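What you see is a predicted model; the values in this text were computed from it and never measured. Residue indices begin at 1 and follow the sequence shown.
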Amino acid sequence: MNLTYSRRNFLHTSVIAGAVLAAEPHFAAVPAVAPTPAKPGFPVADYHVHLGPTLSIDQALQLGKERGVQIGIVEHPGPDYPIKTDADLQKYIDNLRQYPVRIGLQPVYAGWSTAFSKNLLDQLDYILMDALTLPNSDGTWLAIWQIDTHVDDAEEFMKRYMQFIEQVMTTEPIDIFAWPTFLPVPIARQYSQLWTSQRMQRIIDLAKARKLAIEINEVAHVPDDTFIRLAKRANLKFTFGTDSRNQNATHFYYCYQMAQKCGLTEANMFVPKRK
């Protein structure tokens, strides 16, 4: 499986994205006539923006300027992605440092950081990681964001998923846990049943122990307001992210909706320091 292709194209394939959003009432797509929720009364940032053929740095900055949203750029490191070596990482950082953006990475594989020097990783403003690339026992990976992901037993999947979430949140050098509580399409309708209070609380406890921020993800509409309120009560910080590679960058609906619904303020938001 070419993870570079599949991961990048999932979010830009409307049929797939629509299927995910329609799989559960909680993920319902935004009606065409629905008014956009008011922008929060605090500085807003999109820390999950990818550059590429459909979005240049200048285009991203222009979108941010038009929408009054600060920008954080991320790229995937690893053997299937553009950043493979220290030299690649240094070039990436140096190229972006001249722009008024936060510079981050979005690792995919567990153990990714061993390929890079710590002094280089320390130059990053933040690292954002999700648990969507689930390792298999045979050394392969289950890409749970794909439309054709197969789940035989939802409870067994959740046990395995939670184990990997714990691994990511306790062993990876990250600042933001992304796509929290996302479920693959076959079991997305069971969101409220599978995300028990115990499982949600476990993620919150892990984030609190390491002072990790929680991403509110625009494209997947996760986590839900129940999780956000629990995390807010635990004094966790949040970020907004579109995970976009096109004009959808900095365009928020769900994130603003959740900010309004859950009473998020500037004090609840994570702001990585620019290095």
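No side-chain heavy atom of Asn217 sits under 4.5 Å from any side-chain heavy atom of Asp130. Here the side chains of Ile203 and Met200 are not in contact, with every heavy-atom distance at 4.5 Å or above. Annotation: side chain of Val101 is in contact with side chain of Ile57 (closest heavy-atom distance under 4.5 Å). Counting only heavy atoms from C-beta outward, the side chains of Val219 and Trp179 approach each other to under 4.5 Å. In this structure the side chain of Ile214 never reaches within 4.5 angstrom of the side chain of Phe270, judged on heavy atoms. Looking at Met158 and Leu183, their side chains come closer than 4.5 Å, going by heavy atoms from C-beta outward. By the 4.5 Å heavy-atom criterion applied to side chains, Phe227 and Ile204 are counted as neighbours. Two residues are said to be in side-chain contact when any heavy atoms from C-beta on lie closer than 4.5 Å; Phe238 and Met258 fail this criterion.
Using modelled atom types and a 3.5 Å distance limit, the side chains of Asp80 and Tyr109 yield a donor-acceptor pair. One side chain, Asp152 or His150, offers a donor N or O that lies under 3.5 Å from an acceptor on the other. Between the side chains of Asp205 and Gln201, at least one donor N or O sits under 3.5 Å from an acceptor N or O. Remark: the Gln163 side chain and the Gln167 side chain contain no N/O donor-acceptor pair separated by less than 3.5 Å.
Between the side chain of Asp86 and the backbone N or O of Ser117 there is at least one donor-acceptor pair closer than 3.5 Å. At distances below 3.5 Å, at least one donor-acceptor pair connects side-chain atoms of Lys275 with backbone N or O atoms of Leu124. Checking side-chain atoms of Arg160 against main-chain N and O of Pro135 turns up a donor-acceptor pair under 3.5 Å. For the pair Asp125 (side chain) and Pro272 (backbone), a donor-acceptor distance under 3.5 Å is absent. Remark: side-chain polar atoms of Tyr161 are not paired, donor with acceptor, to backbone N or O of Leu132 under 3.5 angstrom. Side chain of Glu218 to backbone of Phe252: no donor-acceptor contact under 3.5 angstrom is found. Of the possible polar contacts, one joining the Gln59 side chain to the Ser56 backbone as a donor-acceptor pair under 3.5 Å is found. Formation of a donor-acceptor pair under 3.5 Å by the Asp138 side chain with backbone atoms of Thr140 is found in this model. Asp88 contributes a side-chain N or O that, together with a main-chain N or O of Lys84, makes up a donor-acceptor pair within less than 3.5 Å. Using a distance-only test at 3.5 Å, with no hydrogens or angles considered, no donor-acceptor pair links the side chain of Glu172 to the main chain of Met169.
Taken together through direct or relayed side-chain contacts under 4.5 Å among Ile, Leu, Val, Met, Phe, Trp and Tyr, Val168 and Val74 form parts of separate hydrophobic clusters. Under a hydrophobic clustering in which Ile, Leu, Val, Met, Phe, Trp and Tyr are joined whenever their side-chain heavy atoms come within less than 4.5 Å, directly or via other members, Ile103 and Val271 fall into different clusters. The same ILVMFWY cluster, assembled from side-chain heavy atoms under 4.5 Å apart, contains both Leu212 and Val222. Criterion: ILVMFWY side-chain heavy atoms under 4.5 Å apart, direct or through other members. Under it, Leu128 and Leu121 are not part of a common hydrophobic cluster. By the rule that hydrophobic residues join a cluster once side-chain heavy atoms approach within less than 4.5 Å of another member, Ile144 and Met162 end up as members of one cluster.
The shortest heavy-atom contact between Gln106 and His50 is OE1-NE2, 2.9 Å. Residues Gln260 and Ala38 share a closest heavy-atom pair of NE2-N, 4.1 Å. Between Gly64 and Ile71, the shortest heavy-atom contact is CA-CD1, 4.3 Å. Nearest approach of Pro107 to Trp112, heavy atoms of both residues: CG-CE2, 3.2 Å. In plain terms, the two heavy atoms of Phe182 and Trp195 that are nearest each other are O-CZ2, 4.3 Å. Listed here is the closest heavy atom pair of Asn246 and Leu63: O-CD1, 3.9 Å.
Once rounded to the nearest 0.5 Å, the distance linking NZ of Lys91 with CG of Asn95 reads 6.5 Å. Residue Lys211 holds its NZ atom at 12.5 Å from CG of Asp175, rounded to the nearest 0.5 Å. Rounding to the nearest 0.5 angstrom, the gap separating the CG atom in Leu120 from the OG atom in Ser113 is 12.5 Å. Distance check: Tyr126 OH to Ile73 CD1 gives 7.0 Å after rounding to the nearest 0.5 Å. Atoms OG1 and NE2, on Thr242 and His251 in that order, are 10.5 Å from each other to the nearest 0.5 Å. Of the inter-residue distances, the one linking Tyr92 atom OH with Leu105 atom CG reads 5.5 Å to the nearest 0.5 angstrom.
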Derivation of the side-chain contact (heavy atoms from CB on, under 4.5 Å) call for Ile176 and Lys237 | CA-CA 9 Å; Ile176 303 168; Lys237 301 290 187 179; over 6 Å; no
Starting from the C-alpha separation in whole Å, work towards a yes-or-no answer on side-chain contact (heavy atoms from CB on, under 4.5 Å) for Ile83 and Phe116.
-> CA-CA 10 Å; Ile83 301 176; Phe116 303 97; 3.8 Å; yes
Before giving the answer on side-chain contact (heavy atoms from CB on, under 4.5 Å), spell out for Thr85 and Gln90 the whole-Å C-alpha distance, their side-chain angles and the decisive distance to 0.1 Å.
-> CA-CA 9 Å; Thr85 65; Gln90 187 68 72; over 6 Å; no
When you look at Asp243 and Arg245, which way does the side-chain contact (heavy atoms from CB on, under 4.5 Å) test go after all the steps?
-> CA-CA 7 Å; Asp243 202 343; Arg245 299 165 174 81; 3.4 Å; yes
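Using a cutoff of 4.0 Å between basic side-chain nitrogens and carboxylate oxygens, Arg210 and Glu166 are not scored as salt-bridged. Salt bridge annotation for Lys261-Asp224: absent, with no cationic side-chain nitrogen under 4.0 angstrom from a carboxylate oxygen.
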